[in-house]
Number of protein chains: 2
Amino acid sequence: MAGNTFHKLRDEIENGIVTGEFEPGERLDEVQLATRYGVSRTPIREALMQLGAIGLVEIRPRRGAVVVDPAPDRVFEMFEVMAEMEGMAGALAARRHTEDDHVALVQAHAQCEEAATSEDTDRYYYENETFHRAIYAASHSGFLEEQCVALHRRLRPYRRLQLRVRNRMKMSLKEHGEIVAAILAGDAEAARALLRGHVAVQGDRFSDLVASLGKREGKRLSLG
Amino acid sequence: MAGNTFHKLRDEIENGIVTGEFEPGERLDEVQLATRYGVSRTPIREALMQLGAIGLVEIRPRRGAVVVDPAPDRVFEMFEVMAEMEGMAGALAARRHTEDDHVALVQAHAQCEEAATSEDTDRYYYENETFHRAIYAASHSGFLEEQCVALHRRLRPYRRLQLRVRNRMKMSLKEHGEIVAAILAGDAEAARALLRGHVAVQGDRFSDLVASLGKREGKRLSLG
DNA sequence: GTCAATATTTTTGTATACAAGATAGGCGAG
DNA sequence: CTCGCCTATCTTGTATACAAAAATATTGAC
């Protein structure tokens, strides 16, 4: 068997969590996962340990692993931090972007625009991710980029819900345009402010988020 | 044996890395660690997996784990992000601190002052950590607090070096005073700016950092 | 003497076995 | 009928065993 089985298992399980295949609060049984992936418990445990370390699952001693089910205010806090980090990435990108970054950013923005005009929510969701990663890359801070990618990934399920909201896609695209302009103009503080606002969960989006979380919570309770 | 042996092992090894017992770039042999801690390889591996997930060790497939040895510019990036996150914590603390936070902050600052006047660098180092944690707590963002504590911990070895620099302790204490004042006055942006400056590695401190890293690098090279 | 190919040794990765704690179900007392 | 305790079962945690890959040493050819 390949040397990095546990690595693939980690990604597999992580993906299952992020896509919602494993629901928040769900217990992750080791033998069940082991038989499912056709391996023994050992690599499963190692994968779970890694996921536990990055906070995707909670490992309760002698009581197994469960998918973390963050309280609504915790999710809000995560968006709050994400907004600040994206703002930082934007500010650095404005100061440090190269010719290549310029091209990548404009291109990613164009792809978003295409997805938005064809009203393809799923594609916009994907291109949006590329756009944000282009900003992280343009910040030329490898560490910041890693942190942003990790947090962005962790917030994926919640962001997906938000895109369904009416007109959010058009609004998002418009904000992207302003962000690109600020970065390319080298205006660090404008880029920071715009990205903060773009990512932050405020106003209507806050109530939408809480509502979606509440719904999930209710569903979970009704099942239990 | 207790159910959370691997948990203790993780903390043990992590501490060894942060305190420099395990040097950057050092290979962490599984059987060696196992015999050292009197356990089998299994919990050692699980601990290493967790440390790998948070970026303290690098796990190269089929080739074992080594303590990560970040390049100087990577360390700089980490301080850069830390500065921003501390700034954010300070800004939130200014807006959200309670009576209890007020007391904790003032007390932590007083302890720092005592350590500084008695010129006790080790104690200042310790009290400084308490002070910063008081700010994280006052931000009333559990997620931000966790992120800050983790990064703060990871930067420990580098910060320790910095405190040795002439007059850094007095300077640090003075900055603490201004930070406390800004937070208690509820001036979020002042608190943010002051904390950014306090944590950031700029001017002389930058050359000091690079010099210390360079020294270590040289040592490592001479050994290899 | 040096380089390369091969054999040996070491070390990682995975599976399995076993021990101990947690959960659940049944049994008895009130 | 309900509550609490005790036992049976299940699950996790750790150790050990084995397989495969990498590192190292050895031997042979040029």
Side-chain angles (χ1 to χ4, degrees), chain A residues 1-17 21-69 220-221 223-224, chain B residues 1-17 21-69 220-221 223-224:
Chain A
M1 203 156 271
N4 47 352
T5 298
F6 77 87
H7 188 274
K8 290 183 180 181
L9 281 174
R10 178 173 64 77
D11 291 349
E12 198 81 43
I13 300 175
E14 179 177 357
N15 213 49
I17 293 173
E21 190 183 349
F22 301 116
E23 287 182 25
E26 183 176 341
R27 198 155 152 288
L28 296 170
D29 189 82
E30 294 177 359
V31 295
Q32 206 171 307
L33 290 169
T35 54
R36 167 172 180 164
Y37 294 113
V39 297
S40 81
R41 278 176 51 220
T42 311
I44 294 284
R45 278 182 63 84
E46 292 180 349
L48 289 177
M49 290 292 168
Q50 295 218 17
L51 296 177
I54 59 177
L56 261 173
V57 306
E58 187 190 342
I59 296 181
R60 306 164 303 175
R62 286 272 177 204
R63 301 187 57 210
V66 297
V67 180
V68 289
D69 188 8
R220 193 166 65 82
L221 285 175
L223 287 173
Chain B
M1 206 158 270
N4 48 353
T5 298
F6 77 87
H7 189 275
K8 291 184 179 180
L9 281 174
R10 178 174 65 76
D11 291 349
E12 199 81 43
I13 299 175
E14 178 178 357
N15 212 50
I17 293 173
E21 190 182 348
F22 301 116
E23 288 182 25
E26 183 176 342
R27 201 159 148 284
L28 295 171
D29 188 82
E30 294 177 1
V31 295
Q32 206 171 308
L33 290 169
T35 54
R36 167 173 180 164
Y37 294 113
V39 297
S40 82
R41 276 174 54 220
T42 310
I44 293 286
R45 278 182 64 85
E46 292 180 348
L48 289 177
M49 290 291 168
Q50 296 219 16
L51 296 177
I54 59 177
L56 260 172
V57 307
E58 187 189 343
I59 296 182
R60 304 164 302 174
R62 287 274 179 203
R63 301 187 57 210
V66 297
V67 180
V68 290
D69 188 7
R220 192 167 66 80
L221 285 176
L223 286 174

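Proteins come first, then strands; the chains are lettered A, B, ... in the order of their sequence lines, and each starts at number 1. As the structure is a prediction and not an experimental result, all values here were calculated from the model. These values consider heavy atoms only, across backbone and side chains, with no hydrogens, waters or symmetry-generated copies.
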Check this one for me: any side-chain N or O of R27(B) less than 4.0 Å away from OP1 or OP2 of dT12(C)?
yes
Protein-nucleotide distance (L9(B), atom CG; dG13(D), atom P), rounded to Å:
13 Å
If you check every side-chain atom of E46(B), which of dT14(D), dT12(C), dA15(C) has the closest atom?
dT14(D)
In whole angstrom, what separates L33(B)'s CG from dT14(D)'s P?
15 Å
Rounded to whole Å, CG of L48(A) lies from P of dT14(C) at a distance of 14 Å
From C-beta outward on R63(A), which listed nucleotide comes closest to its side chain: dT14(C), dT23(C), dT11(D)?
dT23(C)
Less than 4.5 Å apart, any side-chain heavy atom of I59(A) and any of M49(A)?
yes
Let's see if you can work this out: which of dA15(D), dA21(D), dA15(C) has an atom nearest to the side-chain heavy atoms of V39(B)?
dA15(D)
I need the CD-P distance between Q32(A) and dT12(D), as an integer number of Å.
10 Å
At under 4.0 Å, does any side-chain N or O of R41(A) touch on OP1 or OP2 of dT16(C)?
no
Consider the side chain of R62(A), meaning its heavy atoms from C-beta on, and name the nucleotide among dG21(C), dG13(C), dT16(C) that approaches it most closely.
dG21(C)
When rounded to whole Å, the CZ to P distance for the pair R45(B) and dA15(C) reads 12 Å
Winner on side-chain proximity to S40(B), out of dT16(C), dT12(D), dT14(D), is dT14(D)
Reading DNA chain D from 5' onward, which residue's closest nucleotide shows up sooner: G64(A) or T42(A)?
G64(A)
Protein-nucleotide distance (I44(B), atom CD1; dT12(C), atom P), rounded to Å
12 Å
From the candidates dA15(C), dA15(D), dA17(D), the one with an atom nearest any side-chain atom of P43(A) is dA15(C)
From CA spacing to verdict: side chain to side chain contact (heavy atoms under 4.5 Å, CB included), L56(B), F22(B):
CA-CA 11 Å; L56(B) 260 172; F22(B) 301 116; over 6 Å; no
Report yes if at least one side-chain N or O of R60(B) is closer than 4.0 Å to OP1 or OP2 of dG13(C); otherwise report no.
no
